[in-house]
Amino acid sequence: MVGRMATVSGWVETVRAHKNVAFVMLRDGTGVVQAVVGRKDVSAETWERAATLAQEACVLLAGTIRADPRSPGGFEMGVSGIDVAGASDDYPLQPKEHGVEFLLDHRHLWLRSSRQRAGLRVRAEVEQAIHDFLYENEFVRVDTPILTGAIGESAGALFETDYFGQRAFLAQTGQLYVECACPAFRKVYCFGPTFRAEKSKTRRHLTEFWMVEPEVAFADSDENMDLQEAFVSYVVRRALERCEKELATLERDTTALEAVVPPFPRISYSEAVERLVAEGHPFDWGADLGAPEERRVSSWFGKPVFVHDYPKSAKAFYMKENPADPRTVLCNDLLAPEGYGEIVGGSQREDDHGRLLARIREGDLPEEAYGWYLDLRKFGTFPHSGFGLGLERTVGWITGRPHIRELVPFPRTINRLAP
RNA sequence: UCCCGCGUAGCUCAGCUGGUAGAGCAGACGGCUGUUAACCGUCGGGUCGCAGGUUCGAGUCCUGCCGCGGGAGCCA
């Protein structure tokens, strides 16, 4: 490579032009290389081109690769020719601090910046790791519909649209469908975008986010948690192994991530409430844990923690009643450490037709919409469990970023539909 | 829906108890020993979010509205 003639195509990050030499930092999509243009080494026309290159112009550089300790990275290109393929006048983003609104308005350009590249590369690695883990563990991927007439968990937070005169909704979960595929393949999962019309304005919420939802026949709630901790540990390990550079760019302290190995601590909802009260944090048994309570619980442990067996009233209709304590259901949340909060929600599913129907009626849910879901309990019902892992929250935690909107290429939040 | 905070140059911000608009970056031009978000100099650049009000005088004080951010609730 050193000493050879080469051409590099890419985009100009910065230009530092002096009287007799100019330095061009060129991003080719895999990395950034320093290109050096010496005034005496090139034609007057090429020199003029180099000196006036604009930020983010697309160029083709011809030259020789050489080692030089003065170059960042130790190598650089000595340029002999420049071809400007795409000019870039008045590029709006500067290599400096910008406000959130400005950056999000320019998301289509912001993607090019180094931290955004790092975050999105980790996202891509995590997505790949998710598929690899599940594939290696003999899960079959089942793609579930985005347009649906059925309701997911609760009616309030659905985006509604018109479907040739019928009411349709954007899926807020693929779970009910993936349960149907369980008797076909035993271990299945879906992975795709989901939609919540919640008017949440926090660093942990998007209206469109990606969720992976495995579902396993004959798994009980404990085995469900076993799978979750193996899964999350695998994904974190993959990010550590294959995204070292990106995590360094993001200045992520990886020591906390190194600790993410099975087993994860497990604490029941009731135990958590007891301990909260004992610590002088008043809390009534029966309500769902709020964000402050979750933060407190996860602060007791140095790694992700399962909180399991919540009160029935705080959870979704499809969760199986806990035989040991019928006030509760067999479910779990997985709370990420360092204040990142809930990244997984899982449960053993109610497999008894009568009980499931009763829960649907108690919840005032549209019974007719769940007919096909109830059929699963009529034709060869079976114990099964599953969970949903939020991709952006997980990647936000792994990368240590303060807001999950940076971990999706084009975030959809309550006030943003463009770009 | 509720609570808190912020809207000043293209961008990031400063602007005191009210006295008539500023810096850095970006841009243009010039200078410059291999720079690391280079540096130095010159120049152009403003309906201080909008609408009212108080005042001799409002970027500054008051009211309403709009926009944005963070949090709560709800959730992954």
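Any value given below was found using the heavy atoms of this structure, including those in side chains, with hydrogens, waters and symmetry copies removed. In what follows, every chain begins at residue 1, and chains take the letters A, B, ... in the order their sequences are listed.
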Give the table of side-chain donor-acceptor pairs shorter than 3.5 Å for residues 405-414 of chain A, with sequence neighbours excluded, one pair per line with atom names and distance.
unit_1	atom_1	unit_2	atom_2	d
A:R405	NH1	A:H403	NE2	3.3
A:E406	OE1	A:Q116	NE2	3.2
A:E406	OE1	A:R401	NE	2.9
A:E406	OE1	A:R401	NH2	3.2
A:E406	OE2	A:R401	NH2	3.4
A:R412	NH1	A:P419	O	3.2
A:R412	NH2	A:L417	O	3.3

Would you be so kind as to tabulate the donor-acceptor pairs closer than 3.5 Å made by side chains of residues 12-26 of chain A, with sequence neighbours excluded?
unit_1	atom_1	unit_2	atom_2	d
A:E13	OE2	A:R27	NH1	2.9
A:E13	OE2	A:R117	NH1	3.0
A:R16	NH2	A:Q34	OE1	3.4

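The phosphate of B:rA72 has OP1 or OP2 within less than 4.0 Å of a side-chain N or O from A:R295. Between A:R196 and B:rG73 there is no side-chain polar atom (N or O) within less than 4.0 angstrom of OP1 or OP2.
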Between the protein and nucleotides 24-28 of chain B, list the N/O to N/O atom pairs that are separated by less than 3.5 angstrom.
unit_1	atom_1	unit_2	atom_2	d
B:rG24	N2	A:K96	NZ	2.5
B:rC25	O2'	A:Q94	OE1	2.5
B:rC25	O2	A:Q94	OE1	3.4
B:rA26	O4'	A:Q94	OE1	3.2
B:rA26	O4'	A:Q94	NE2	3.2

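Using a 4.0 Å cutoff on non-hydrogen atoms, the parts of residues 7-39 of chain A near RNA chain B are A:T14, A:R16, A:A17, A:H18, A:K19, A:V21, A:F23, A:Q34, ordered by number. Of the residues in residues 100-137 of chain A, those with a non-hydrogen atom less than 4.0 angstrom from any atom of RNA chain B are A:E101, A:F102.
Side-chain contact between A:V260 and A:W397: present, with at least one pair of heavy atoms (C-beta onward) separated by less than 4.5 Å.
The P atoms of B:rC40 and B:rC61 are separated by 35 Å, rounded to the nearest whole Å. For the C1' atoms, the distance from B:rG49 to B:rC6 is 11 Å, rounded to whole Å. B:rU54 and B:rG69 have their P atoms separated by 35 Å, with the value rounded to a whole Å.
The list of side chain to side chain donor-acceptor pair (under 3.5 Å) pairs with a residue in residues 356-366 of chain A, not counting sequence neighbours, reads A:R361-A:E367. Applying the side chain to side chain donor-acceptor pair (under 3.5 Å) test to every pair with at least one member in residues 86-103 of chain A, sequence neighbours left out, gives no pairs at all.
Taking A:E368 as the reference, nothing meets the salt bridge (charged side-chain N to carboxylate O under 4.0 Å, His left out) condition, with sequence neighbours excluded. Evaluation of the salt bridge (charged side-chain N to carboxylate O under 4.0 Å, His left out) rule for A:D68 yields A:R70 as partners, not counting sequence neighbours. Not a single salt bridge (charged side-chain N to carboxylate O under 4.0 Å, His left out) links A:E244 to another residue, sequence neighbours left out. Under the salt bridge (charged side-chain N to carboxylate O under 4.0 Å, His left out) criterion, A:E198 pairs with no residue, sequence neighbours left out.
Residue-to-nucleotide contacts include a donor-acceptor pair under 3.5 Å from the side chain of A:H205 to the base of B:rC75.
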Starting at the 5' end of RNA chain B, what dot-bracket string do you get if Watson-Crick and G-U pairs under 3.5 Å are bracketed, crossing pairs use [ ], other-strand pairs use | and unpaired bases use dots? (((((((..((((.....[..)))).(((((.......))))).....(((((..]....))))))))))))....

